[in-house]
Amino acid sequence: MPVFALVDCNNFYASCEKLFDPRLVDTPVVVLSNNDGCVVARSAEVKALGIPMGVPWFKLKDTAKRYGIVAFSSNYELYADMSDRVVEVLRGFTPNLEVYSIDESFLDLSGFMHLDLAAYGSEIRQRIQVWLGLAVCVGIAGSKTLAKLANHCAKKGYAGQFGVCDFTTISPAEMTALLARIEVGEVWGVGRKIHARLQEMGIKTVLDLREADAEMIRSRFSVVLERTLRELRGISCLDLDEVVPDKQQIMCSRSFGQYIYRLPELEDAVASYIARAAEKLRAQDSLAGALMVFIRTNPFSENEPKYQNSITLPLPDPTADTRILVQCGLQALKRIYRQGYAYQKAGVMLCNLCPHSMVQTSLFADSGNTLRNDHLMATMDRINQKWGRGMLRVAVERAQHPWQMKRGHMSSRYTTDWAGLPKVWAK
DNA sequence: CTATAACTCTCAA
DNA sequence: CTAACGTTGAGAGTTATAG
């Protein structure tokens, strides 16, 4: 009998920012997406103001001023480091754990069924609060989907005390009553589209979905939703994924701080995105078999002409060599670039990835040369790791990127950079 | 006609 | 002062294409 706990950090990005500036306790805080675009995290105070997730920041500025909302650009280094620390603490509670996202982990608690699981959950909560200063919620149940739902209940304080919710000890009648109170859209795997379709069919609550006919759900929707339904019934269909498999595709895309009109600037951007993607590729020791490049204008602007295009080029020999990938990417870019548009975003994707060890070398490849190039790339990665990204780069990439995304509200990298320590602490 | 590739849709954080 | 709206990845299902 499997038992899962889902541990989820509350308002993770916003909480990380608050953590390093005590003046911000009780202050409404939002964290913005890349380019200071949309709200991607809200502190409790902001949620209380009724501000929804995903609003564009420029639409919120007036409200923000009125209520004294403090905004931060996303500081991924900081969040990733805090996330690692959370996972490290969680590993103290179980040997089997799946890091599901930057702020969520599934814990296998099947070996702890002799314990009071709710109490164990409280202990987890306590320790992360005391050791790291972050608040988490814990949901416990016999399937991942139910554990997710239990976590939702823990956040709302539905069953039992706030912060922990254990479905394994709830009576069937209580469970039924609880599920009848929750909208079906809260279920993991039920997004906007499926929620609307379910509603139309009269399936409005989680209970409705649980009691629906599995065959019908499968035929009208998919095998995925059928699995979700079975998970809601307590039949565990999703295992803990402890080992993170290699990526099948690697992407790097970003919108620009200012529009780009000319090809050279686009080349600069695309080259730097490829360099970044290639680093990730080498980090997992893979080679790419094809490369996709896309560019597009702002889909939201109404008066300016719109254009978007993409192209995928196969690579003659699978490679992880930044220079080859950039060469290929620039050719691709030239083929889709059209003059006279205000480009707002570009991106690249490395596809058809295969492990370096498995590659079949071309009959005509010079293996000695390939080895030297691998070595060169490895050296480049080490230098860039030590001295900062872009220290060593291909020549099309400029040192300065005028198109770089906006990050007007950036906090310090408090935990990963000495220079990030605020001066006020030194006083 | 079948097997595979390519593309589309949906979801998640 | 104005204009301004994220990124990355997976899986399933459907359609197109090759042999």
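Note that the structure is a prediction, hence the values are computed from the model and not measured. Naming: A, B, ... by sequence-line order, numbering from 1 per chain.
A heavy-atom distance below 4.0 Å to DNA chain C is reached by these residues of residues 241-248 of chain A, ordered by number: K247(A), Q248(A). Annotation: proximity of residues 261-282 of chain A to DNA chain C (heavy atom, distance under 4.0 Å) is found for no residue. Near DNA chain C, defined here as any heavy-atom distance below 4.0 Å, the residues from residues 341-352 of chain A are Q344(A), K345(A), listed numerically.
Note on S255(A): only backbone sugar-phosphate atoms sit closer than 4.0 angstrom, heavy atoms only; bases stay farther off. Residue-level contact check: W57(A) touches neither bases nor backbone, having no heavy atom under 4.0 Å from any strand.
Between F72(A) and the choices V29(A), V30(A), L32(A), the side chain to side chain contact (heavy atoms under 4.5 Å, CB included) rule is met once, by V29(A). The side chain to side chain contact (heavy atoms under 4.5 Å, CB included) test with C137(A) singles out one residue from V164(A), L6(A), N10(A), I124(A), and that residue is N10(A).
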So D62(A) and R66(A), salt bridge (Lys or Arg N to Asp or Glu O under 4.0 Å) or not? Walk me through it.
-> CA-CA 6 Å; D62(A) 289 343; R66(A) 193 156 65 246; over 6 Å; no

Assess whether side-chain contact (heavy atoms from CB on, under 4.5 Å) is satisfied between N96(A) and L107(A), documenting all intermediate values.
-> CA-CA 6 Å; N96(A) 308 110; L107(A) 278 59; over 6 Å; no

Residue pair Y337(A), Y343(A): steps toward the ring pair (Phe, Tyr, Trp, His ring centres under 6.0 Å) verdict = CA-CA 10 Å; Y337(A) 172 77; Y343(A) 292 99; 5.8 Å; yes

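Residue N298(A) places at least one side-chain N or O closer than 4.0 Å to OP1 or OP2 of dC5(C). One finds a side-chain N or O of S253(A) lying less than 4.0 angstrom from the OP1 or OP2 phosphate oxygen of dT8(C).
Consecutive Watson-Crick or G-U pairs involving DNA chain C, each under 3.5 Å on both distances, make up stems of three or more pairs at B:1-13 with C:7-19.
Spacing between atom NE2 of H195(A) and atom P of dA12(B) amounts to 12 Å, rounded to whole angstrom units. Distance L60(A) CG to dA4(C) P: 17 Å, rounded to the nearest Å. The distance between atom CZ of F256(A) and atom P of dC5(C), rounded to the nearest whole Å, is 13 Å. Atom-to-atom, NE2 of H152(A) to P of dA12(B) comes out at 13 Å; the value is rounded to the nearest Å. Rounded to a whole Å, the CG atom of D62(A) is 13 Å from the C1' atom of dA3(C). Protein atom CD of E98(A) is 14 Å distant from nucleotide atom P of dA10(C), rounded to whole Å. Note: CG (L32(A)) to P (dA4(C)) measures 17 Å, nearest angstrom. In this structure, CG of L225(A) is placed 12 Å from C1' of dC11(B), rounded to the nearest angstrom.
At distances below 3.5 Å, at least one donor-acceptor pair connects side-chain atoms of K144(A) with backbone N or O atoms of D239(A).
Considering only side-chain atoms of K59(A), the nucleotide from dT8(C), dC5(C), dG9(C) that sits closest is dC5(C). You'll find that the side chain of E104(A) is closest to dA13(B), out of dA13(B), dG6(C), dT8(C).
Between F294(A) and V348(A), the shortest heavy-atom contact is CE2-N, 4.4 Å.
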Can you check nucleotides 7-10 of chain B for protein contacts, nitrogen or oxygen pairs under 3.5 Å, and list what you find?
| from | atom 1 | to | atom 2 | distance (Å) |
| --- | --- | --- | --- | --- |
| dT10(B) | OP2 | K193(A) | NZ | 2.9 |

Detail all sub-3.5 Å separations between protein N/O atoms and N/O atoms belonging to nucleotides 12-19 of chain C.
| from | atom 1 | to | atom 2 | distance (Å) |
| --- | --- | --- | --- | --- |
| dG13(C) | OP1 | V223(A) | N | 3.2 |

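For the 3.5 Å distance criterion, the side chains of S411(A) and N75(A) qualify, holding a donor opposite an acceptor.
For the pair I250(A) and S33(A), nearest-nucleotide mapping onto DNA chain C gives the more 5' position to S33(A).
Within a 6.0 Å sphere centred on NZ of K155(A), heavy atoms belonging to other residues, nucleotides or ligands number more than 12.
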